[in-house]
Amino acid sequence: MDSYQDITQIVFSNPPDPSILKAEPILPGNDPQIEIRKPEEKALGIYCMFTEPGDQWKMLLPQPLHDRYILNIEGNRILEAEKIYHKRRGLLQRIFSSDEEE
């Protein structure tokens, strides 16, 4: 329920806020793979800090969390988080995985 301004202050706080599992820049045209340790009990909030955020700049992934997701981003919004059932590489915007799989 936090506003874009509230989340920006948390993400870029110094010292880093312990609730932030990972902050990673993503440049247009790149398809990075980003790995984080999957929370065991809490939902996972994904925030995209766009220069000009659209309506869907954040997403909540509820428990139980799957091991891998593709985060589909278009322009300045998150379209969807697709569960991945096997190790697929390639046209990925973003992958979240547990440390145990690698």
Side-chain angles (χ1 to χ4, degrees):
M1 294 283 124
D2 291 321
S3 72
Y4 188 84
Q5 290 76 22
D6 293 340
I7 297 299
T8 300
Q9 289 178 354
I10 294 169
V11 169
F12 298 108
S13 66
N14 190 6
D17 187 292
S19 68
I20 303 298
L21 300 178
K22 186 94 162 201
E24 193 79 29
I26 299 176
L27 301 174
N30 291 341
D31 293 331
Q33 295 180 30
I34 299 172
E35 295 185 16
I36 62 167
R37 181 174 297 274
K38 172 172 75 169
E40 295 299 324
E41 296 178 10
K42 295 184 179 183
L44 178 65
I46 299 172
Y47 302 95
C48 291
M49 310 313 296
F50 298 108
T51 304
E52 296 179 27
D55 292 340
Q56 294 177 270
W57 58 273
K58 61 185 173 179
M59 177 176 285
L60 186 66
L61 300 177
Q63 287 287 350
L65 291 169
H66 198 67
D67 289 336
R68 293 181 171 271
Y69 291 89
I70 293 177
L71 187 63
N72 295 304
I73 300 171
E74 180 181 274
N76 61 353
R77 63 192 176 117
I78 304 170
L79 297 178
E80 66 179 335
E82 177 185 347
K83 293 177 185 177
I84 301 301
Y85 295 96
H86 53 83
K87 292 186 179 184
R88 185 167 80 176
R89 305 280 186 212
L91 303 172
L92 305 182
Q93 288 278 352
R94 209 171 199 184
I95 292 182
F96 297 92
S97 68
S98 64
D99 289 341
E100 300 88 44
E101 279 194 75
E102 298 302 322

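The aromatic rings of Trp57 and Tyr47 sit tilted relative to each other, their planes meeting at an angle between 30° and 60°.
Using a 4.5 Å cut-off on side-chain heavy atoms (C-beta onward), Gln63 and Pro39 make contact. Residues Arg37 and Leu21 are not in side-chain contact: their nearest non-hydrogen atoms beyond the backbone lie 4.5 Å or more apart. Contact of the Tyr69 side chain with the Leu44 side chain is not registered, since no non-hydrogen atoms from C-beta on lie closer than 4.5 Å.
The CD1 atom of Ile78 lies 5.0 Å from the CG atom of Leu71; values are rounded to the nearest 0.5 Å. Atom-to-atom distance recorded for Phe50:CZ and Arg77:CZ is 10.0 Å, nearest 0.5 angstrom. To the nearest 0.5 Å, atoms CD (Glu74) and CG (Leu79) are separated by 5.0 Å.
A pairwise comparison of heavy atoms in Pro62 and Ala43 identifies CA-CB, 4.0 Å as the closest pair. What you find for Ile36 and Lys22 is that their closest heavy atoms are CG2-CB, 3.4 Å.
When each of Lys38, Lys83, Glu82 is paired with His66, the side chain to side chain contact (heavy atoms under 4.5 Å, CB included) condition holds for Lys83 and for no other.
The ring pair (Phe, Tyr, Trp, His ring centres under 6.0 Å) contacts involving residues 15-38 comprise nothing, where partners must be two or more places apart or lie in separate chains.
A donor-acceptor pair under 3.5 Å is formed between the side chain of Lys58 and the backbone N or O of Asp2.
Listed by chain and residue number, Ile10, Ser13, Ser19, Ile20 satisfy the side chain to side chain contact (heavy atoms under 4.5 Å, CB included) test with Asp17 (two or more places apart in sequence, or in another chain). Scanning for side chain to side chain donor-acceptor pair (under 3.5 Å) contacts around Ser3 gives Asp6, with sequence neighbours left out.
Under the 4.5 Å side-chain contact rule for hydrophobic residues, Met59 and Val11 share a cluster.
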